[in-house]
Participant: 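Structure below; questions to follow.
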Amino acid sequence: MTLWSGRFTSSMDSTLWDLSESYSFDHVLYAHDIAGSRAHVQGLRAAGLLTEDECALLTATLDEVESEFDRGIFVRDPNDEDIHMAIERRATELAGEVGAKIHTARSRNDQVATTLRLFTRDALTEVARRCLALVDALVEVGGRNADAYLPGYTHLQRAQPVLLSHHLQAHAWSVLRDVDRLLDARDRLGVSPLGAGALAGTSLPIQPSLPASILGFAEPFANSMDAVSDRDFVAETLFCVALAGIHLSRMGEELVLWTTSEFNFATLGDAFTTGSSMLPQKKNSDVAELARGKSGRLVGNLTGLLVTLKGLPLSYNRDLQEDKEPLFDSVRQVLLVLSAITGAYQSMTFHAEVAEAAADDQFLVAIDIAESLVEDGMAFRQAHELVGRLVGDAVAKGRSFADVVLDDPATQRFAALFDPGVALARRCSPGASGPAASAVQLQRLADAQRAASNRL
Ligand code: ARG
């Protein structure tokens, strides 16, 4: 018998039970559900619906149920449909008669919405925390290879030299935006649904503001129907996680490229690579491929939930039970990827000599010659045209670009630009990829890191 079986004459068909039960996946919500129930019990006490003694007994009972879960000794009854029913059933067994009062002025609809907000709030904090650890690692690896540089690419064609630290910090900025976004979503979910009941509130004299403040929510709901049917916070979390996952995927793709024999810019530590079951020489960057691969699933979870929500009339519909598995999955997966990618970067050996040789490609100096002509008074479009012709000449005649530049009276005074590292040092405008600008950026990044961790 379930706790709601009063009006039914036969028990549920087993196929419906299998379809309907959610304990198998929502048991992970136990601590958050019990926190919500503790606050609810306080609200009932304040409303005069429980005596002081009843309130104390129910609170102690909830603590005991939580400890059974913590110790892994909680036993599910075959009739426990979901985590909320399981906890109420067990609390009633332990507390006796007063257990029957715990669900006063409450429905599973406002209960599950409250529980899920509490879970999501913690999940967002944890994902943001791991994102910040990744930012730390990106900055640390850049600092450890402070002078190393590589070609920066556009269209995956060599474009201009960039410091490795500048490149890694580009990723760090995207992850810092993830942190801000995750914490913004956390701020927005701070509305307590508890007290909305099934959909329309209650005739009993409860004050939703009390459990709201006990639970650390900024305010109670304004509209009971919105309170039980709003899953914007889940959709938003799935989006924030999916976008973070896409950033991780882009990092993964790059690590895959960098660690190929063709690029050979970097090697990942043995602890972060895998072998082949057949080919003894292989050392694969699976960690980076999985970072790339998992992003598909994160986007899928977001898309799935949006589709679930799109046709729902107000207010609670059982479809909403489908919010949980995608949320749990996305949070779990992104945490796994964040930790593994952080470790992979920390384990990385950067082959500066290979990357710098690629960045010292003579053609990457073309823009510096053009800009030097500009400094001497030539209009940029003319300078671009002139240097473009020299590039064309070098390509057509199979000559070194430097030789062509040095043979031309218009450009022969720029020989020094071809010295290794010179083009990099010249990238000095604010936010640019050279050492001077990078030092300023590092300070700005440190400020942003500090501001983000203060929000945790
Ligand atoms: N397990 C359900 C969920 O996740 C709890 C709410 C059930 N409410 C109901 N009216 N059947 O949404």
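Position 1 is the first residue of the sequence; numbering continues from there. Indexing begins at 1, ligand by ligand and atom by atom, following the structure's order. Just so we're clear, the structure is a prediction, and the values are computed from it rather than from any experiment.
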Participant: Does any donor atom in the side chain of R318 or S20 lie under 3.5 Å from an acceptor atom in the other side chain?
Facilitator: yes

Participant: Touching ligand 1 at all, Q111? Heavy atoms, strictly under 4.0 Å?
Facilitator: no

Participant: State plainly whether the residues D80 and R90 are in salt-bridge range, i.e. N to O under 4.0 Å.
Facilitator: no

Participant: Under a plain distance cut-off of 3.5 Å, with no hydrogens placed, do Q441 and W173 share a side-chain donor-acceptor pair?
Facilitator: yes

Participant: Quick check: are there more than 12 heavy atoms from other residues, nucleotides or ligands sitting under 6.0 Å from CZ of R250?
Facilitator: no

Participant: Looking only at protein heavy atoms, identify the closest one to atom 11 (N) of ligand 1 and say how far it is in Å.
Facilitator: R108 NH2, 3.7 Å

Participant: Run the numbers for me: atoms of ligand 1, each under 4.0 Å from some heavy atom of K324, listed by number.
Facilitator: 3 (C), 4 (O), 12 (O)

Participant: When only distance counts, is D82 in polar contact with ligand 1, meaning an N/O pair under 3.5 Å?
Facilitator: yes

Participant: Measuring only between side-chain heavy atoms, which start at C-beta, is L116 closer than 4.5 Å to D323?
Facilitator: yes

Participant: Which atoms of ligand 1 have any heavy atom of S22 under 4.0 Å away?
Facilitator: 1 (N)

Participant: By number and element, which atoms of ligand 1 are closer than 4.0 Å to a non-hydrogen atom of N109?
Facilitator: 8 (N), 9 (C), 10 (N)

Participant: Which residue and non-hydrogen atom of the protein lie closest to atom 6 (C) of ligand 1, and at what distance in Å?
Facilitator: Y316 OH, 3.3 Å

Participant: Ion pair present between E81 and R89, side-chain N to carboxylate O less than 4.0 angstrom?
Facilitator: no

Participant: If you measure every N or O of Q321 against every N or O of ligand 1, does any of those distances drop under 3.5 Å?
Facilitator: yes

